[in-house]
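Contents: one structure, followed by commentary.
Chain A is the first sequence line, chain B the second, and so forth, proteins listed ahead of strands; every chain is numbered from 1.
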Amino acid sequence: MAGFGNALRLSSEFIAGVAVGAGLGWFIDRMAGTSPWGLIIFLLLGFGAGVLNVLRSAGQIAEFGAKPPAGGKGSDRK
Amino acid sequence: MANDPIHQFQISKWIPIEIGGLDFSFTNSSAFMVATVAAAGAFLFLTTSSRGLVPGRLQSISEMAYEFVASMLRDAAGSQGMRFFPFVFSLFMFVLVANLLGLFPYFFTVTSHIIVTFALALLVIGTVLVYGFWKHGLGFLKLFVPEGVPGVLIPLVVLIEVVSFLSRPISLSVRLFANMLAGHITLKVFAGFVTSLSALGAVGITGAVLPLIMTVAITGLEFLVAFLQAYVFAVLTCMYLNDALHPSH
């Protein structure tokens with residue numbers, strides 16, 4: 001059942017990224033009247049953020065604001 | 001309907017209150033929140049009131065909870081993070097006790113409603129934002145610029161990081177809510193099998209043993225999930241607070 005917990009954790013991270021991207025794009029469209037470009041661009045950014053969230057939560061990429069390993073400029077792999 | 005697995009999440013108004021067209025009713029959800037706070041507070045107060053130098057069994061539970069959260073916070077956010085200890089400890093105890101109370105039959109699970117967990121997550125992110133900007137000013141924004149990114153990519157990366165940051169309260173709240181909701185529905189569905197199978201006579205009663213075993217096993221698992229989710233919520237809170245304390249690279 002540890003796999004179930006992992007699945008919930010990673011999927012919630014990914015879905016949250018996409019949902020926030022879409023919501024933000026929709027909100028910007030509504031405010032600025034740029035429909036549908038805000039939604040399109042921010043949905044794509046949301047997918048990026050979702051993947052980033054999943055990688056971070058799986059420990060594949062350093063956390064926000066974490067120092068990259070010494071000498072590892074340009075690669076923030078742990 | 002006794003076998004409806006969603007019925008347990010229904011909000012019912014106990015004392016209807018309406019102020020200026022807004023609904024402020026005291027519901028079963030509010031009652032169990034009060035019960036959660038009262039139970040957690042009473043437990044901590046009563047078990048530590050004797051202040052034994054050699055802790056008794058209950059006092060050592062309280063002390064373990066304290067040590068557990070304190071070391072979690074110190075590991076994630078350093079000793080500077082200890083100023084947030086009351087906040088993280090209250091959050092941890094609230095989520096833990098709410099999850100555990102929800103495991104009693106006929107009790108309402110406060111944390112199985114997304115609005116409750118979302119409010120908790122907003123509190124965390126709000127604290128991070130307010131403290132981060134108050135402490136570091138605009139330097140807090142460095143959080144969104146990872147080191148070693150080529151200049152051309154910076155606008156794109158910053159946008160993705162901002163969306164990723166904003167998605168944190170969502171994933172924090174969805175995780176807790178989804179775990180509690182899914183667990184309670186599974187439990188109820190298997191328990192429902194027991195009653196509907198045993199209505200079928202002798203064969204059904206023999207068959208009902210299987211979902212009964214499952215129900216017992218899932219109840220055990222739910223205790224684990226209740227602890228685990230409270231722990232995960234607190235750990236992530238510590239990590240986010242760490243960002244507020246040390247945003248620079």
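Atom CZ of A:F27 is surrounded by 12 or fewer heavy atoms from other residues, nucleotides or ligands within 6.0 Å. Counting heavy-atom neighbours within 6.0 Å of B:Y231 OH, excluding the residue itself, gives a total of 12 or less.
For the atom pair CZ (B:R175) and CG (A:L10), the distance works out to 8.5 Å, reported to the nearest 0.5 Å. The distance from atom CD of A:E13 to atom CD1 of B:I170, rounded to the nearest 0.5 Å, is 11.5 Å.
Residues A:S12 and B:S171 come closest through the heavy atom pair O-CB, 3.7 Å. Of all non-hydrogen atoms in B:I160 and A:G48, the two that sit nearest each other are CG2-C, 3.9 Å. What you find for B:S167 and A:N53 is that their closest heavy atoms are OG-ND2, 2.7 Å.
Between chain A and the residues B:L166, B:L156, B:V174, the largest count of heavy-atom pairs under 4.5 Å involves B:L166.
Interface residue A:F42: only side-chain heavy atoms are found under 4.5 Å from chain B. Using a 4.5 Å cut-off between heavy atoms, A:L24 contacts chain B through its side chain alone, with no backbone atom that close.
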Evaluation steps, side-chain contact (heavy atoms from CB on, under 4.5 Å), between B:R168 and A:V20: CA-CA 9 Å; B:R168 281 172 157 192; A:V20 166; over 6 Å; no
